[in-house]
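The first residue of the sequence shown is numbered 1, and numbering continues consecutively from there. All values derive from a computational prediction rather than experimental measurement. For ligands, and for the atoms within them, numbers begin at 1 and follow the listed sequence.
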Amino acid sequence: MSLSRREFMGAAVAAVAGAALAPGLRLIELARARSPEEAATRLQRWGLLVDIGKCHDCDVCVTACKTENGWYGHDRPATDPEWIRKVTLKDKQTGYVETLPVMCQHCEEPPCVDVCPTGASFKRADGIVLVDKHICIGCRYCMMACPYKARSFVSEDTTDQKSYAPRGKGTVESCTLCVHRVDAGRIPACVEACNKDGGKAMVFGDLKDPNSEINKHLAAGPSTPLRPDLELNTGVRYRGV
Ligand code: SF4
Ligand code: SF4
């Protein structure tokens with residue numbers, strides 16, 4: 001789909017989608033990120049490394065994300081939003097069980113962006129994949145296209161929204177890599193919480209900076225994306241899976 005068609009469709013549905021959002025909440029930071037003077041740059045690519053060997057049987061990352069971004073899925077039915085979830089893997093031959101946190105993998109070639117008919121699903125220059133709530137029509141094509149089940153549909157009334165993470169009934173959402181924090185020079189809430197109360201299993205940083213902490217960790221041992229066969233070059237990598 002050409003950009004001009006996307007822009008046309010986006011303009012046509014913006015009023016409808018915007019009506020589902022709480023008054024006063026605008027995706028100011030996200031809109032700026034797509035403008036010519038955006039802070040996001042191709043000189044950086046933000047990523048996460050999750051070391052499963054250090055990942056405890058806890059949920060501090062999930063709780064931190066929920067608190068930071070104001071979603072409720074962890075305490076409610078599985079159909080409700082869940083930006084990050086702990087997934088249990090079991091080796092059928094040995095019975096060995098491990099758990100790992102799974103969130104949007106911030107794919108370099110995101111299928112969710114490819115299928116979005118309005119352009120609401122987009123990738124910033126620095127690799128962060130987001131949803132513009134003002135032009136999301138809730139068609140859920142992106143949810144079907146995502147191989148990691150990383151996206152959720154908001155079917156409930158939203159309350160206690162954060163100004164930096166607006167949510168909207170009838171739209172789709174997923175991990176933003178805590179873009180509001182990243183743009184302020186901070187690390188994501190899940191990483192901060194894991195470093196404080198978890199197993200120090202998560203490292204955040206710039207995958208394009210050879211001297212970044214994440215690249216030093218990546219150089220120190222093997223790592224893999226989830227489903228490497230899909231060749232999506234995800235920004236989230238795992239060690240020990
Ligand atoms: Fe899109 Fe899913 Fe990839 Fe995230 S993990 S960028 S939602 S396809
Ligand atoms: Fe949640 Fe932020 Fe971690 Fe993404 S980076 S899972 S939005 S806390």
Discussion item. Is any side-chain heavy atom of Pro81 closer than 4.5 Å to one of Glu156?
Written reply: yes
Item to complete: Could you check if a side-chain atom of Lys86 sits within less than 4.5 angstrom of a side-chain atom of Cys55, using non-hydrogen atoms only?
Response: yes
Practice prompt. I would like to know whether Arg239 and Thr224 meet side-chain hydrogen bond (donor to acceptor under 3.5 Å, both in side chains); could you show each step before the answer?
Written response: CA-CA 6 Å; Arg239 172 165 294 154; Thr224 180; over 6 Å; no
Worksheet entry | ligand 1 versus Ser174: contacting region, heavy-atom distance under 4.0 Å | neither
Ligand-side contact atoms (ligand 2) for residue partner [X], heavy atom cut-off under 4.0 Å:
X      : value
Trp83  : 7 (S)
Thr176 : 7 (S)
Leu177 : 4 (Fe), 5 (S)

Among all protein heavy atoms, pick out the one at the shortest distance from [atom]; state its residue, atom name and that distance to 0.1 Å.
atom                    : value
atom 4 (Fe) of ligand 1 : Cys104 SG, 2.3 Å
atom 6 (S) of ligand 2  : Ile84 CB, 3.6 Å
atom 1 (Fe) of ligand 1 : Cys112 SG, 2.3 Å
atom 8 (S) of ligand 1  : Pro111 CD, 3.4 Å
atom 7 (S) of ligand 1  : Arg151 NE, 3.3 Å
atom 2 (Fe) of ligand 2 : Cys178 SG, 2.3 Å
atom 5 (S) of ligand 1  : Gln105 N, 3.2 Å
atom 3 (Fe) of ligand 1 : Cys107 SG, 2.3 Å

Between [X] and [Y], does any side-chain N to carboxylate O distance fall below 4.0 Å?
X      : Y      : answer
Asp157 : Lys169 : yes
Arg124 : Asp183 : yes
Glu108 : Lys123 : no
Glu173 : Arg167 : yes

Worksheet entry | Under 2.8 Å: N/O/S of Cys175 next to atom 3 (Fe) of ligand 2 | no
Item to complete: Apply the side chain to side chain contact (heavy atoms under 4.5 Å, CB included) test between Val113 and each candidate in Cys116, Pro110, Pro111; give the one that qualifies.
Response: Pro110
Item to complete: Among Cys139, Ser121, Cys142, find the one that has a side chain to side chain contact (heavy atoms under 4.5 Å, CB included) with Val172.
Response: Cys142
Discussion item. Test your reading of the model: is there a side-chain donor-acceptor pair from Ser212 to the backbone of Asp209, 3.5 Å cut-off?
Written reply: yes
Discussion item. Donor-acceptor check, side chain of Arg237 to backbone of Leu49, threshold 3.5 angstrom: yes or no?
Written reply: no
[X] heavy atoms, cut-off 4.0 Å: which ligand 1 atoms fall inside?
X      : result
Cys146 : 2 (Fe), 5 (S), 7 (S), 8 (S)
Val129 : 6 (S)
Pro110 : 6 (S)

Worksheet entry | CZ on Arg45 to CD1 on Ile214, rounded to 0.5 Å | 10.0 Å
Item to complete: Please state which part of Pro188 comes within less than 4.0 Å of ligand 2, counting heavy atoms only: side chain, backbone, both or neither.
Response: side chain
Worksheet item: For ligand 2, does Asn69 get within less than 4.0 Å through its side chain, its backbone, both, or neither, judged by non-hydrogen atoms?
Response: side chain
Worksheet entry | Contact flag Cys65/atom 2 (Fe) of ligand 2, N/O/S atoms, threshold under 2.8 Å | no
